[in-house]
Every structure is written in structure tokens, then in C-alpha cells.
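Following: one structure in C-alpha cells, then a few remarks.
Every value quoted in this text rests on a predicted model; they were computed, and no experiment measured them.
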Amino acid sequence: GRASVTPQDFDYLRKLLRERSGLVLSAEKQYLAESRLLPVARKHRLATLADLVGALKTTSPGQLAIEVIEAMTTNETFFFRDKIPFEHFRDTIMPALIESHPKRRRIRIWCTAAASGQEPYSLAMLLREMNQQLAGFRIEILASDLSNEMLEKAKAGIYSQFDVQRGLPIQQLVKYFSQVGEAWQIAPEIRAMVSFRQLNLLQDFGHLGSFDLIFCRNVLIYFDQPTKIGVFNRIARQVPDDGFLVLGAAETVVGLTDAFKPMPDKRGLYAPNLAARHAGRDGARSNVVKFASVKG
């Protein structure tokens, strides 16, 4: 049978992905669907993608649909990806949070699309290096992802030679990883700093509580405008006035929400827009001035 999928089958897949995960798959992404879904088909002893779509249509939405969504939404990730957000984290975000939390002494961080764990573990390694400044603080890192398979990989913290060669400085590899056969496993004390849970950003996440910092990088690019706006507005409810939001290099809140504003000269870093939050409330101006002065 032919490997390529009919327009009707491709439309069915696009609709399934959009309804179940928010992923908007453009028409020209058909080759991507084929390359990622053929392994799923083979695993279930289905010869072609047409057979896979047939199986999806006839079974109740269950494990097969989940595997299809996981295969299509698997984000590429690597340690210290794009460097800049991690520099912001070390030089701007953490010093500001330490200063604004002298009494609370508790800082919560959420990585919203953790995939195989490189992002939260990169943050955990940086926090480890800041041990002195963080004496007496309790830092929580929550890492969530749509894919259970990815989360299992993240929890194990085992990475290939290829994984550790991308972005991970050699001194950190030596300090925080041990060799396991051909692979590398991140140290138990770094793994213990991160808790993982399965989560779909399209569903309610209010129960997670508030976060001083939310990393939401390269997730929203897959969503359409109304979905993006909804996610931003729900995230805004969970970031306090002195918190931060980090987006991917190609993403922005501009034109989507006024709940956050870009921080000057800090690409990808956003702060709550206090003027919009406290519109009509006294003292809004002094708040904004105070916040604008928190620079690197």
C-alpha cells in the first residue's frame, strides 16, 4: 500500500490533533505527519497510514489516539537551548525574585512543556550553582508535558551522548552526570529538584497554584490565536505582580494579551503589565515605576 495519506485522512488527523491537543497542523506539514506516524503504525502492525487512520476511526478514543498525539507534539529540546533565557534566569530573574521574596522565601517555577526534561534540569543546575544566594529559600520546579512517554524519560534523567553534546557545558557534564553504559544519567540531587506531571495546557491548570516564574517556550507556536490568547490569560492569573514569563525566541504576547509586557532589552522575558492589572486602582503608577526598575 502507499505510504502517503489521502487528503480526507490527513484532515481527520488534523481535526483529531486540534481537538485533543490544540496542535494546529498546517497543510504543508503532511510529510512531517507521515514521518512521525509511520513508526506508530508499525508498532501496531498496521501497514500504512490509511490503516492507522482506519484504526483511529473504529476504536474508541484511547491509547492509539494518545500515541498519535504524542508522536506529533514531541518537541525537540536540549540543554540550555537558546542560551539567552538561561542567562536571564541567572542574572535577572533569580536576583529579582530573591530580592522581592525576603519574607516568603519560597520560589515556584513551572516549565510548561518539559518534553524529556532538559529545560527544567538546566534550571536546576543553575540553581545549584547559586546555592550561596539561595540559603534558606525553598525552590520548587514543576515540569509538565502532554506526553507521558516524554515524562518517563525525563524522570529517568538518562541522556545519550548526542543529547549531552548539545548545549551542555563540559564542566556541568562532569559535575552533574555519571556514565551509564553508553549514556549519561543526571545526578539524583538534580533529579530530586524537579517534580513532573502530565498536563494538557488546553485544560484547566488553576489547581497548580501560583508561580513566580513560568517558562512557556516554543509551545504556543502550535496553537491558533484564540487558543494562545486563552492560555496567556489563564497563565496571567497564576503569576503574581512580581513574577516573570519566559517565551521562545520567535514568540510574543504583543497583540494577544495585555496581561504581560516585554521587558526592555531582555528578549523573550515578560513581566506582568501592572497598569493593565490594576487599572483604576490607586497606586498603579508607583507599582509600575517600581517594577520597571528591576533590570539586569
Side-chain angles (χ1 to χ4, degrees), residues 21-22 75 85-86 88-89 92-115 117 119-120 122-124 127 137-147 151 154 193-248 251-263 266 268-279 281 284 287-288 290-291 294:
S21 74
N75 283 338
F86 297 96
H88 291 338
F89 178 72
T92 303
I93 299 171
M94 286 308 297
L97 289 178
I98 289 168
E99 202 179 311
S100 67
H101 286 55
K103 293 189 184 66
R104 292 209 297 276
R105 293 203 155 258
R106 176 176 174 221
I107 294 171
R108 297 188 78 218
I109 300 166
W110 177 21
C111 296
T112 61
E119 181 179 86
S122 296
L123 296 176
L127 289 168
F137 273 86
R138 214 173 108 220
I139 315 277
E140 292 172 26
I141 305 175
L142 173 71
S144 66
D145 200 87
L146 185 64
S147 163
L151 290 169
M193 291 171 73
V194 183
S195 58
F196 291 96
R197 65 189 290 173
Q198 199 270 339
L199 187 91
N200 186 339
L201 280 177
L202 297 192
Q203 288 154 356
D204 178 55
F205 45 77
H207 59 280
L208 298 178
S210 77
F211 293 94
D212 304 290
L213 167 62
I214 296 182
F215 264 66
C216 188
R217 300 200 302 146
N218 311 314
V219 193
L220 299 176
I221 41 175
Y222 296 113
F223 297 165
D224 60 15
Q225 298 292 74
T227 308
K228 277 183 196 168
I229 291 166
V231 173
F232 276 137
N233 291 337
R234 287 185 296 134
I235 280 177
R237 288 182 213 136
Q238 286 173 256
V239 178
D241 285 0
D242 54 5
F244 296 91
L245 170 69
V246 178
L247 297 179
E251 301 173 304
T252 182
V253 298
V254 178
L256 293 170
T257 176
D258 63 356
F260 292 97
K261 61 184 197 313
M263 287 187 73
K266 305 266 183 249
L269 183 56
Y270 297 81
N273 182 356
L274 300 186
R277 279 192 172 197
H278 303 297
R281 203 190 288 177
N287 269 342
V288 173
K290 188 180 87 201
F291 207 87
V294 182

Is the backbone of [Y] close enough, under 3.5 Å, to the side chain of [X] for a donor and an acceptor to pair up by distance?
| X | Y | result |
| --- | --- | --- |
| R234 | G206 | no |
| S100 | A96 | yes |
| R217 | G268 | no |
| S144 | T112 | yes |

Heavy-atom closest pair, residues [X] and [Y]:
| X | Y | answer |
| --- | --- | --- |
| P272 | V239 | CG-CG1, 3.9 Å |
| P240 | F211 | CD-O, 3.1 Å |
| L269 | V246 | CD1-CG2, 3.8 Å |
| L220 | E251 | N-OE2, 3.4 Å |
| D145 | S147 | OD2-N, 2.9 Å |
| G248 | N218 | CA-OD1, 3.6 Å |

Atom [atom1] of [X] and atom [atom2] of [Y]: how far apart are they, to the nearest 0.5 Å?
| X | Y | atom1 | atom2 | value |
| --- | --- | --- | --- | --- |
| I98 | I139 | CD1 | CD1 | 7.0 Å |
| I109 | M193 | CD1 | CE | 8.0 Å |
| R108 | L97 | CZ | CG | 13.0 Å |
| D258 | F232 | CG | CZ | 12.0 Å |
| Q238 | F205 | CD | CZ | 5.5 Å |
| I214 | F260 | CD1 | CZ | 6.5 Å |

Report task. Please report the C-alpha distance between Q198 and L146 in whole Å, then the side-chain angles of each, then the deciding distance to 0.1 Å, and finally whether the side-chain contact (heavy atoms from CB on, under 4.5 Å) criterion is met. Result -> CA-CA 6 Å; Q198 199 270 339; L146 185 64; 4.3 Å; yes
Query raised in the report: Do the side chains of F244 and H88 get nearer than 4.5 Å, heavy atoms only?
Result: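 Not in contact.
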Query raised in the report: Between F196 and P120, is any pair of side-chain heavy atoms under 4.5 Å apart?
Result: yes
Requested in this report: Test R106 against H101 for side-chain contact (heavy atoms from CB on, under 4.5 Å), laying out the working first.
Outcome: CA-CA 7 Å; R106 176 176 174 221; H101 286 55; 5.9 Å; no
**Report entry** V253/L245 under side-chain contact (heavy atoms from CB on, under 4.5 Å): CA gap, chis, key distance, verdict
**Finding:** CA-CA 10 Å; V253 298; L245 170 69; 4.2 Å; yes
Report task. Sequence neighbours left out, what pairs pass side-chain hydrogen bond (donor to acceptor under 3.5 Å, both in side chains) with at least one residue falling in residues 223-232? Result ->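 Output for this query lists R18-D224, D224-T227.
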**Report entry** side-chain contact (heavy atoms from CB on, under 4.5 Å) evaluation trace for L127 with I141
**Finding:** CA-CA 10 Å; L127 289 168; I141 305 175; 3.8 Å; yes
